[in-house]
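Keep in mind that this is a model prediction, so the values were computed, not measured.
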Amino acid sequence: NRFSTCLCSNIKMPEEVSEENANKRARTDVRLNPHDESLRSSPLITCLNVVSLKTLEKENQTPCNKRFFDAMLLRIIPPNVNLQDTKLGSLRMYGPRKNTSSNAHYSRLFLCKVFSSEENQRLFYLMESRNSNNHIWTRNPQLRDDGTITIGTLSRILSPMPIKSLMSGDLPMVETRFPVIVMKYPDVPVPTVDISHSIGGNTAMAFVQEGATISIHSTTPEETKCAGLFCDKQRVHEITTQSRGCGCYHMLGRRSNITFDHWMGITKGAMNIVMEHFSS
């Protein structure tokens with residue numbers, strides 16, 4: 001009965017606040033605990049300061065090891081499967097002022113949502129490549145492959161670098177040189193962000209609704225190319241009809257590659273959304 005996150009081009013923006021007030025607000029955020037209980041008293045959990053994307057986007061920022069922010073994994077984007085000889089995809093990135101652009105090669109893209117009351121609508125990308133974010137799962141390879149880390153997982157991103165690149169939709173590219181820490185989903189309600197229809201296109205943001213009603217109208221079994229647990233068999237229609245893989249790092253020989261493709265509706269008050277080809 002919980003509908004946590006979805007993507008939307010239209011979002012009601014929060015009021016502008018100063019960085020000082022943002023830090024005060026962050027202290028009142030839902031507190032997350034690490035999945036690994038031995039880290040509860042670690043300085044990585046108790047001694048770092050939260051940082052916002054807004055701060056990381058400012059000019060003349062310098063790297064700092066004492067900062068973090070929490071994020072939710074929403075989507076895994078692997079390269080095109082016809083590129084499996086090199087196992088790399090290609091994308092175009094832009095500078096913060098959009099006056100420069102460059103091509104980059106990646107092994108996976110991770111679309112994530114900031115998990116905080118201040119920037120709960122903000123989306124960003126983590127690009128995994130030979131020279132960028134290539135250590136993000138090294139702390140948790142077993143959790144990555146046994147299904148603990150998957151779509152919807154919360155992670156603490158340590159020491160994020162100043163943001164220097166954007167992708168389409170003005171989504172920032174976040175980079176860290178440290179492994180993420182897997183966090184537990186809170187037992188209390190999370191901050192909600194309502195949908196608004198007043199913002200134009202080319203803007204990608206998130207909305208969050210608690211207590212929505214989910215109705216499954218139709219379900220169809222589908223055969224996929226996935227026998228892993230990391231991707232949760234998301235995007236089944238895309239990866240079975242187009243030339244993309246699923247994004248899992250490790251396939252299990254005895255695991256079925258069958259999933260269910262749902263046509264579903266989400267309602268809460270005046271909100272009424274239909275989702276096609278939802279799979280899990």
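Between the side chain of Arg108 and the backbone N or O of Cys248, at least one donor-acceptor pair lies under 3.5 Å. Within the 3.5 Å criterion, the main-chain N or O of Ser279 finds a donor-acceptor partner in the side chain of Gln234. A distance-only check finds no donor-acceptor pair linking the side chain of Thr55 to the backbone of Val51 [under 3.5 Å]. A distance-only check finds a donor-acceptor pair linking the side chain of Asn133 to the backbone of Met127 [under 3.5 Å]. Of the possible donor and acceptor atoms, one in the side chain of Ser159 sits under 3.5 Å from a partner among the backbone N and O of Asn65.
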**Request:** Evaluate the side chain to side chain contact (heavy atoms under 4.5 Å, CB included) criterion for residues Tyr249 and Arg144: first the C-alpha distance (whole Å), next the side-chain angles of each, then the deciding distance (0.1 Å), finally the verdict.
**Result:** CA-CA 8 Å; Tyr249 292 83; Arg144 180 199 67 191; 3.3 Å; yes
**Request:** Determine, step by step, whether Trp137 and Phe230 satisfy the side chain to side chain contact (heavy atoms under 4.5 Å, CB included) criterion, reporting the C-alpha distance in whole Å, the side-chain angles of both residues, the deciding distance to 0.1 Å, and the verdict.
**Result:** CA-CA 11 Å; Trp137 310 120; Phe230 181 61; 4.0 Å; yes
**Asked** Taking it one step at a time, do Thr148 and Asp146 satisfy side-chain hydrogen bond (donor to acceptor under 3.5 Å, both in side chains)?
**Response** CA-CA 6 Å; Thr148 302; Asp146 69 7; 2.8 Å; yes
**Message:** Does Leu74 form a side chain to side chain contact (heavy atoms under 4.5 Å, CB included) with Ile151? I'd like the steps, not just the answer.
**Reply:** CA-CA 5 Å; Leu74 297 182; Ile151 304 297; 5.7 Å; no
**Message:** One pair to check against side chain to side chain contact (heavy atoms under 4.5 Å, CB included): Leu229 and Asp145. What are the steps and the verdict?
**Reply:** CA-CA 6 Å; Leu229 294 168; Asp145 295 332; over 6 Å; no
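Thr267 and Asn272 form no side-chain donor-acceptor contact under 3.5 Å, judged by distance and modelled atom types alone. Thr259 and Glu222 share no donor-acceptor pair across their side chains, judged by distance under 3.5 Å alone. When only modelled atom types and interatomic distance are considered, Asn257 and Lys233 share no side-chain donor-acceptor pair under 3.5 Å. Between the side chains of Ser129 and His105, not a single donor N or O lies within less than 3.5 Å of an accepting N or O.
Annotation: His35, atom NE2; neighbour count of heavy atoms from other residues, nucleotides and ligands within 6.0 Å does not exceed 12. Within 6.0 Å of CZ in Arg177 there are 12 or fewer heavy atoms belonging to other residues, nucleotides or ligands. Around atom CD of Glu37, more than 12 heavy atoms belonging to other residues, nucleotides or ligands sit under 6.0 Å away.
A 4.5 Å side-chain heavy-atom check between Ile136 and Pro179 finds every atom pair outside the cut-off. Using a 4.5 Å cut-off on side-chain heavy atoms (C-beta onward), Thr150 and Leu73 make no contact.
With respect to Glu119 and Lys113, no salt bridge is recorded, no charged nitrogen being found less than 4.0 Å from a carboxylate O.
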